[in-house]
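Structure, as structure tokens:
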Protein chains: 2
Amino acid sequence: MKVRRGVQERVADQLRERIAHGDLVPGAALSETALAQEFGASRTPVREALKQLQAEGLIVTKPRVGTFVAAPSRREINELFEVKEILEGAAARLFANRGEIPELDQLRENVRRSERAVGDGDFDRYVALVHEYHDLIMRGAGNAKLMQQYRMLMNQLLYTRFVHLSVRRSGRLPQSDREHQSILHVIEARDGATAERLMRDHVRASHQALMDMLDFSGDEHRLNGVNAAPEQP
Amino acid sequence: MKVRRGVQERVADQLRERIAHGDLVPGAALSETALAQEFGASRTPVREALKQLQAEGLIVTKPRVGTFVAAPSRREINELFEVKEILEGAAARLFANRGEIPELDQLRENVRRSERAVGDGDFDRYVALVHEYHDLIMRGAGNAKLMQQYRMLMNQLLYTRFVHLSVRRSGRLPQSDREHQSILHVIEARDGATAERLMRDHVRASHQALMDMLDFSGDEHRLNGVNAAPEQP
DNA sequence: AAAATCCATGATGCATGCAAGACAGGGGCG
DNA sequence: CGCCCCTGTCTTGCATGCATCATGGATTTT
């Protein structure tokens with residue numbers, strides 16, 4: 001089922017990919033003309049793609065100056081994690097209240113595979129499985145609008161870049177895995193309230209661990225590249 | 001502090017206003033050329049404004065066919081209300097956990113005025129106060145990202161059109177007002193968990209009452225003008 | 001030498017023209 | 001009489017050119 005995709009959609013998807021993957025760091029400048037040349041198109045569709053990314057909070061445009069990859073401040077990142085906690089907690093509750101749905105079996109399979117990945121020490125595989133886990137929780141909530149808001153949230157957070165760091169913090173890896181299992185069990189027991197509470201705790205703990213790591217490792221992964229102007233002429 | 005506003009921002013704000021106010025009903029067609037003429041501009045800024053509204057979920061564009069005001073299905077509306085319940089519930093909890101903040105005094109004042117408005121039977125004033133109440137709850141949560149997601153949600157819901165109907169259902173008006181008071185009291189008591197529970201119940205009850213009304217009053221305020229194709233040749 | 005000023009440069013904002021596709025209606029054909 | 005095709009017209013998608021303005025560095029002034 002291949003649909004005819006316009007230029008602007010290709011550009012938007014490409015830029016989303018690059019920002020998520022880290023090829024475009026926060027604060028990086030995006031020139032319309034340069035992008036237009038690179039994609040072999042004119043500025044018009046590029047501008048529309050940028051407009052869409054702006055509405056999603058991924059980039060910011062300073063009028064007559066330029067467009068830059070969004071560089072959320074520390075406070076904004078904390079706010080985004082707070083919203084993440086809210087949305088994922090609610091999703092776990094809704095999931096639990098739905099009983100036996102296809103996503104539940106997939107979640108069981110995911111937890112089994114994660115257990116093996118942890119045992120094998122296969123970090124990359126575990127990272128992929130963590131993504132799948134949270135994605136399954138959201139899909140299992142059965143609410144497309146919730147899913148949509150969650151996707152935009154994760155894009156703004158540049159979450160994929162964070163997870164790699166977080167998983168390396170080996171201290172929390174087994175703990176995080178146990179929390180995933182606990183949440184699965186209460187979902188199986190259809191205990192929505194507990195599922196919500198555990199998921200919120202899980203997200204908050206993950207958030208805390210990540211912030212500790214960022215404080216520890218200095219600003220090599222700096223979050224506000226625009227605010228911190230390079231001071232070397 | 002007046003800022004230089006471009007054409008596309010004016011167009012976007014104007015269209016948001018019209019959709020919220022009901023001048024543009026769901027399913028209505030939006031011609032780029034017509035809008036360009038009306039605003040005395042060219043199609044380019046109009047197109048960018050529409051692109052932004054599309055990203056916000058307010059309009060949908062069928063390629064090579066036209067752009068139309070979004071017409072959420074019954075299911076989507078229920079999903080949106082479910083998300084509303086989640087976000088407002090979380091906001092009430094966060095508010096309660098923050099203790100004495102300026103918004104708390106404003107909330108007390110709002111509840112006092114609402115009580116008077118109910119006593120006077122001043123519907124329009126009460127509608128405005130209900131809006132202010134929920135807005136204060138969200139602001140009191142102290143999370144700008146949460147507020148942002150909430151704003152987009154309310155736009156998609158066309159909530160302003162709903163409230164007028166809902167308030168007319170006089171049976172729930174005193175009940176709704178009592179719920180507002182109860183939530184204020186548990187926020188004053190800094191009981192976040194109860195505040196979240198009560199707010200969720202409140203939103204769900206309001207949602208239920210509205211859906212009953214829509215079922216009762218037929219489809220005069222139809223929600224899916226695009227999906228429901230007229231079937232009379 | 002320090003500071004204010006001027007200007008070249010490059011960015012976005014907007015206007016306009018052309019191309020391609022979708023849909024409705026009329027005309028031709030079986 | 002019914003079906004199909006064909007074309008006119010409207011829509012959006014894209015390309016291009018010009019106008020406007022922020023910005024940094026050279027230049028002039030004090």
Side-chain angles (χ1 to χ4, degrees), chain A residues 1-15 24 27-56 58-71 225-233, chain B residues 1-15 24 26-71 225-233:
Chain A
M1 183 171 150
K2 186 141 184 307
V3 295
R4 295 269 300 162
R5 289 164 45 80
V7 177
Q8 50 180 276
E9 304 179 22
R10 282 204 343 258
V11 175
D13 286 349
Q14 265 287 323
L15 292 182
L24 290 172
L30 292 173
S31 167
E32 293 179 0
T33 57
L35 289 173
Q37 280 193 354
E38 178 185 338
F39 284 94
S42 80
R43 279 179 52 214
T44 307
V46 172
R47 274 182 66 80
E48 306 197 358
L50 292 179
K51 200 78 192 165
Q52 184 157 353
L53 296 185
Q54 185 184 21
E56 296 173 13
L58 270 163
I59 64 177
V60 294
T61 299
K62 295 208 264 184
R64 310 280 187 188
V65 176
T67 54
F68 308 90
V69 179
V226 144
N227 301 343
E231 212 66 44
Q232 297 171 355
Chain B
M1 179 168 157
K2 186 143 184 302
V3 297
R4 296 269 302 162
R5 289 164 46 80
V7 177
Q8 51 181 275
E9 303 180 21
R10 282 205 342 257
V11 175
D13 286 349
Q14 264 288 323
L15 291 182
L24 290 172
L30 293 173
S31 167
E32 293 178 0
T33 57
L35 289 173
Q37 280 193 353
E38 177 183 339
F39 284 94
S42 80
R43 278 181 50 214
T44 306
V46 171
R47 274 182 66 80
E48 303 196 1
L50 291 179
K51 200 73 191 170
Q52 185 157 352
L53 296 184
Q54 186 185 19
E56 296 173 13
L58 270 163
I59 64 176
V60 293
T61 300
K62 295 208 263 185
R64 312 282 185 187
V65 177
T67 56
F68 308 90
V69 179
V226 146
N227 300 345
E231 212 67 47
Q232 296 172 356

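Here is how names work: the chains are called A, B, and so on, in the same order as the sequence lines, proteins then strands, and each is numbered from 1. Below, each value reflects all heavy atoms present in this structure, side chains not excepted, and no hydrogens, waters or symmetry copies.
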With side chains defined as the heavy atoms from C-beta onward, is the minimum distance between [X] and [Y] less than 4.5 Å?
X	Y	result
A:Q54	A:L50	no
A:L15	A:L35	yes
B:V11	B:Q14	no

Original post:
For the side-chain hydrogen bond (donor to acceptor under 3.5 Å, both in side chains) test, which of B:K51, B:R47, B:Q52 pairs with A:E48?
Top reply: B:R47
Subject >> Other residues, nucleotides, ligands: >12 heavy atoms within 6.0 Å of B:E38 CD >> reply: yes
Under 4.0 Å, heavy atoms only, any strand: does [X] hit a base, just the sugar-phosphate, or nothing?
X	result
B:L50	nothing
B:E48	nothing
A:A29	nothing

For the pair made of [atom1] in [X] and [atom2] in [N], what is the distance, rounded to whole Å?
X	N	atom1	atom2	value
B:R43	D:dG13	CZ	P	9 Å
B:F39	C:dC14	CZ	C1'	16 Å
B:Q37	C:dA15	CD	P	13 Å
A:F68	D:dA22	CZ	P	14 Å
B:E32	C:dT16	CD	C1'	14 Å
B:I59	D:dT12	CD1	P	10 Å
B:Q8	C:dA15	CD	P	11 Å
A:R47	D:dT16	CZ	P	16 Å

Subject >> Along DNA chain D (nearest heavy atom to each residue), the more 5'-positioned of A:V65 and A:G40 >> reply: A:G40
**OP:** Between A:V7 and A:P63, just flag the one whose closest nucleotide in DNA chain D comes earlier from the 5' side.
**Re:** A:V7
Subject >> Given D:dA22, D:dG13, C:dG13, the nucleotide with the shortest approach to the side chain of A:T61 >> reply: C:dG13
**OP:** Would you mind telling me which of C:dC14, D:dG13, D:dT16 lies closest to the side-chain atoms of B:S42?
**Re:** C:dC14
Confirm from the modelled atom types if [X] and [N] form a donor-acceptor pair under 3.5 Å, side chain to base only.
X	N	value
B:R64	D:dT11	no
A:T44	D:dT16	yes
A:S31	C:dA11	no

